[in-house]
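Numbering of ligands and ligand atoms starts at 1, following listing order.
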Amino acid sequence: MNKALLIFFCSIFFCATAKSFAIFPTPKEIKHQSGFFVLQASSAIIAHQPGEIENALYLDDYLSSHCQLRLKILPATNTTSIELQLIDTNESTSLNRKESYECVVTPQKVILKATTKVGLFYAIQSFIQMLPNRAVDMKVKDSITIPCLTIYDYPDVAYRGMHLDVSRHFFNVSEIEKYIDLLALNKMNYFHWHLTDDQGWRIEIKKYPLLTQVGSIRKGTITGLYPGNGNTNEPYGGYYTQDDISTVVQYAAKRSITVIPEIEMPGHCSAAIAAYPFLSCFPDSVTEYPKECTWAGGPRTKKEVQQTWGIFKDISAPTTQVLNFYHDVLDEVIALFPSPYIHIGGDEVKTDYWEASDSAQQIMQKEKLKDVSDLEAYFINDMIAYLKGKGKRTIGWDEILDKDVDTSAIVMIWNTKKKIESEAVNYKHQVILAPSNYFYLNNLQHIGDTALMYKKPILTLKDILSFDNDFMKQHSAKLLGIEGCLWTEYIPDWNKLLYFVLPRLTAIADKGWNFNKKNDTHYKDNFIDHLPELMAWYHFIGY
Ligand code: ACM
């Protein structure tokens, strides 16, 4: 068939499937126009400067792996083209927000325009969502028809993150990269990597090799819903070398994503204590676990990595030796992660051992602290100051606000609406909203969901989309952004992970991108109506 005829048939086909693509997160403005742009093997990507060329390479890789088109990247061309334009801020007032972009599709060319590299990257993300259904539906490999349109877009909040717990279950580097790809496709910009917890320490620290040699392996894992009906009686482990970490950080950076490491303290650190018992207030005591759970590996005689889920009393001591240990760990973490933020946990700290420990009590006397709550603030403030001295800002879970901690710390709020309001007002901290009843994707998706053994609350797409916090809209200076979380106690592998995150991750991304949008039924219905296209796209690109 000659090219003109082919384009004619493509156009007719397109008219019949005009609604077969959708762009997520929903762009702020999208204007459809008549006519089509036809992308074919002879088309070129136009790029001049480094920020354009890096983005051009990303786009070309996508087109090659998903649309069987390998285009030339040129400074100019006579053929149809996709032109990447990184422009000066004073050339466009509408694009002076850091992450804003424009996408203009005309019959002759596609112009993807922004004032920053990240804006250009987001323009590409919107552009590629116009492609795949076409390629699949038409079964045409050498040309793809795209409707003429104009998009102008920008996010409402600066921080749009997704968390992953790799302690309860480990995900390898290639899975982490696929997870990061998902974030990038959804224009999220932070990956919060929960690297340490009671059930496994997963980051190599050269000064303390036992953290991974001992702390990354548990002798078994409870089976079934907590407290469990037995134990796997099989060792479970895995960790990232520092080279692995650098690989991931660089991979993410190419996708405009900053990786934030989380090193949990002073609680949730049984794995670290198993490796270095001096971290505990009671180094010689054996690891405790709930009576109802089954333990693998025979009688316990010393500290061990936890095999069950929950909150444990054996926490890090508040001594100078232990604080220095964490400073050393953070030194290596800081060297690996260029992120301006480091997460230090701070949630669910049981202070019974501090109450019972002479050394903890002596520190309280010396520092004139009235109770263990003050002692907790002392511990957290020490880390905030240490990180500040290294040019980093601390993030902590919202429990750190039950104490008096330095206001430079950012608080990740996972508890209730009431907490969101009281904390943001009373403590003057910047906040990231990660409310567990809206943004925890380890909740079940629907009634009768058999993918999980436990009865967590149901969290539907509509529930996520219903999250609307007028209070934070009014106090937007305190709102850094939002984050979805995935805790993996019951998510042992990649397939199950995908089941939990798709498509709900996209709803969280939309919430962040469109935080200020009126949260009416039209917003929710529009999202739900386009789910088939979204899921077809995920399927098409290999998820
Ligand atoms: C948390 O879910 N414990 C932060």
Side-chain angles (χ1 to χ4, degrees), residues 159 161-169 171 190-202 225-226 260-272 290 306 308-316 341-352 373 376-377 379-380 383-384 394-403 405 409-420 422-424 427 429-444 452 454-459 463-464 467 480-491 497 500-501 504-505 508:
Y159 182 109
M162 193 66 211
H163 149 286
L164 180 64
D165 162 19
V166 294
S167 173
R168 277 51 178 262
H169 284 103
F171 294 87
Y190 288 92
F191 169 47
H192 169 181
W193 207 357
H194 184 83
L195 287 161
T196 72
D197 214 303
D198 297 299
Q199 297 78 10
W201 180 283
R202 311 261 174 246
L225 172 65
Y226 177 91
I260 301 176
E262 180 179 351
I263 307 294
E264 269 272 11
M265 63 186 90
H268 284 296
C269 61
S270 308
Q306 275 296 343
T308 182
W309 326 125
I311 306 174
F312 305 97
K313 287 190 212 154
D314 206 354
I315 65 169
S316 292
Y341 310 125
I342 306 284
H343 202 307
I344 60 161
D347 59 319
E348 300 178 323
V349 181
K350 281 199 173 179
T351 46
D352 311 41
S373 179
E376 216 175 317
F379 191 115
I380 298 292
M383 293 302 147
I384 294 173
T394 300
I395 304 181
W397 297 108
D398 59 45
E399 287 91 333
I400 67 170
L401 284 178
D402 300 337
K403 297 95 211 161
V405 299
I410 297 161
V411 179
M412 194 164 265
I413 300 187
W414 67 284
N415 281 296
T416 60
K417 184 169 177 293
K418 197 163 152 270
K419 195 137 189 168
I420 292 174
S422 69
E423 294 195 340
Y427 292 88
H429 289 257
Q430 263 196 307
V431 300
I432 296 167
L433 302 179
S436 59
N437 47 347
Y438 285 98
F439 295 166
Y440 269 28
L441 295 188
N442 41 299
N443 288 319
L444 295 173
L452 266 188
Y454 64 116
K455 296 200 170 23
K456 277 267 180 185
I458 309 293
L459 179 69
D463 293 334
I464 295 171
F467 180 77
L480 195 56
I482 65 144
E483 178 167 298
C485 294
L486 193 70
W487 299 99
T488 58
E489 284 89 339
Y490 300 100
I491 303 181
L497 176 151
F500 277 89
V501 300
R504 293 186 295 181
L505 179 148
I508 292 175

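- Listed for the Asp398 side chain is a donor-acceptor partner under 3.5 Å among the backbone atoms of Asn415.
- Using the six-membered ring where Trp is involved, His194 and His163 have ring planes that are tilted, between 30° and 60° apart.
- Between Trp193 and His343, the gap from one ring centroid to the other reaches at least 6.0 Å.
- The aromatic ring centres of Trp397 and His192 sit less than 6.0 Å apart.
- Contact residues for ligand 1 (protein heavy atom closer than 4.0 angstrom to any ligand atom): Asp347, Glu348, Trp397, Trp414, Tyr440, Trp487.
- Side-chain contact, Glu399 with Trp414: a donor N or O sits under 3.5 Å from an acceptor N or O.
- Using a 4.5 Å heavy-atom cutoff, the side chains of Gln199 and His169 are not in contact.
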